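Reading through the structure tokens given below for one structure.
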Amino acid sequence: MEKKAFVTKEMVEDIVKKYPTPFHIYDEKGIRENAKALKEAFSWNKGYKEYFAVKATPNPFLINILHEYGCGTDCSSYTELMLSDAMGLKGEDIMFSSNDTPAEEFEYAAKLGATINLDDITHIDFLEKTIGYIPETISCRYNPGGYFSIANSIMDNPGDAKYGFTTEQLFEGFKILKSKGAKRFGIHAFLASNTVTNDYYPELARQLFELAVKLRDETGCDIRFINLSGGIGIPYKPDQEPNDIKIIGENVHKAFDEILVPAGMGDVAIYTELGRFMMGPYGHLVTKALHEKHTHKEYIGVDACAANLMRPAMYGAYHHITVLGKENAPCDHTYDITGSLCENNDKFAIDRQLPKIDLGDYLVIHDTGAHGFAMGYNYNGRLWSSELLLKEDGSVQLIRRAEQPKDYFATFDPFPIFEKLNK
Ligand SMILES: *Cc1c(COP(=O)(O)O)cnc(C)c1O
């Protein structure tokens, strides 16, 4: 599929008069259409709910848009809970799927009435000791181990993942939780990441539905929801076919009708915790070409760096690049596109075929709407960029200002040097 930017050169030339590059910009129209399509795809399930994985894009303006479509939040830390609380989300709108969880985070999640999704069997005792009781609604994260494969092709390696209860622990855990007063149970599993296939959710659903029937039969627990979690991917590369959420919803429905309905479990709610799928394609990192360098290779240095988008440096991830105004020019140059960090992995693209880039050209780095800004950091004293929202009416709203030196130095504030730095 051809990758088209949702901003043009003219739009960016206008935006930079107010908000200089680099910045992340999000496409409200795309976010809304996708959220609507997801809601429709699972509308067959009465209790269906998406809990947006806050860690993917922790911006309240964006999460508020999703909230209009009935989405809650999936939190994994204290500050993510704080954000949900400040946004006015109620307990039933918050899923707390964390691991290696500090006591104060369980306390806070319980205080908010969030649904707690336990990552380990030892957390049953830890939670009970921490908050003094076991909540009536509780969920456990499942990890069957081994490889997760579809039609003999390996998708991911849960056996190597730190998360979740083993099968035995899950049966044991449900019994213990029931004996301690839990009444409504959920099962959660996240077994493959960034899957670009319509088969992941239906296959996962089938496994979890069968497990749910066995758990109900063996433990007598009342299973109220099955959380398919995240993992639906996006086509970062132009030759990848995007997932079709309608087909995914239909095939989960089929598995539901084949397994849960005949077992008398047709009222089980389906939950999802999508992050990447909800926001990934609807974000761009926009950056300007500052330098060209001709040495052993051809380099274009831009004003963004890996501190604004870590995925290429961290995983060698592909992010498509469009040179604005040159959308139709031939890709007859080979470049490494670099940031300024003193780290040689600070490259947004390596040996990428692109049109000839001139200094001052604006580059769009695609698919940065999830796990993009959120994974930023301050190495080399680089500051966090602004985040902008391209509204449906074409206007642009600042939804997070760029970090300034005073923010970077703020944690020195018990020390005398703070005053000097902020003169
Ligand atoms: C990261 C995460 C998600 C979201 O994953 P995506 O790949 O962005 O869909 C959902 N649930 C949990 C528990 C996670 O850790």
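Keep in mind that what you see is a predicted model, and the values were worked out from it rather than measured. Ligands are counted one by one from 1 in listed order, and the atoms in each one are counted from 1 as well. Quick note: numbers below take in every heavy atom, side chains included, and nothing from hydrogens, waters or symmetry partners.
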Inset, instruction - May I ask you to check whether F185 and F174 place their ring centres under 6.0 Å from each other? - result: yes

Legend entry - Polar side chain donor-acceptor pair, T122 to D120, under 3.5 angstrom: yes

Inset, instruction - Could you tell me whether R352 sits above the aromatic face of Y318, with NZ or CZ closer than 6.0 angstrom to the six-membered ring centre and within 45 degrees of the axis? - result: yes

Inset, instruction - Quick one: sort the F42 and Y201 rings into parallel, tilted or perpendicular, breaks at 30° and 60°. - result: perpendicular

Show me a pair-per-line table, with atom names and distances to 0.1 Å, of protein N or O atoms that are under 3.5 Å from an N or O of ligand 1.
from, atom 1, to, atom 2, distance (Å)
ligand 1, 8 (O), R276, N, 2.7
ligand 1, 8 (O), H371, NE2, 2.7
ligand 1, 9 (O), G231, N, 3.1
ligand 1, 9 (O), G275, N, 3.1
ligand 1, 11 (N), D74, OD2, 3.1
ligand 1, 11 (N), S229, OG, 3.2
ligand 1, 11 (N), E273, OE1, 2.7
ligand 1, 15 (O), K55, NZ, 2.6

Inset, instruction - Would you check if the distance from the ring center of H320 to the ring center of Y236 is below 6.0 Å? - result: no

Inset, instruction - May I ask you to check whether F348 and H319 place their ring centers less than 6.0 Å from one another? - result: no

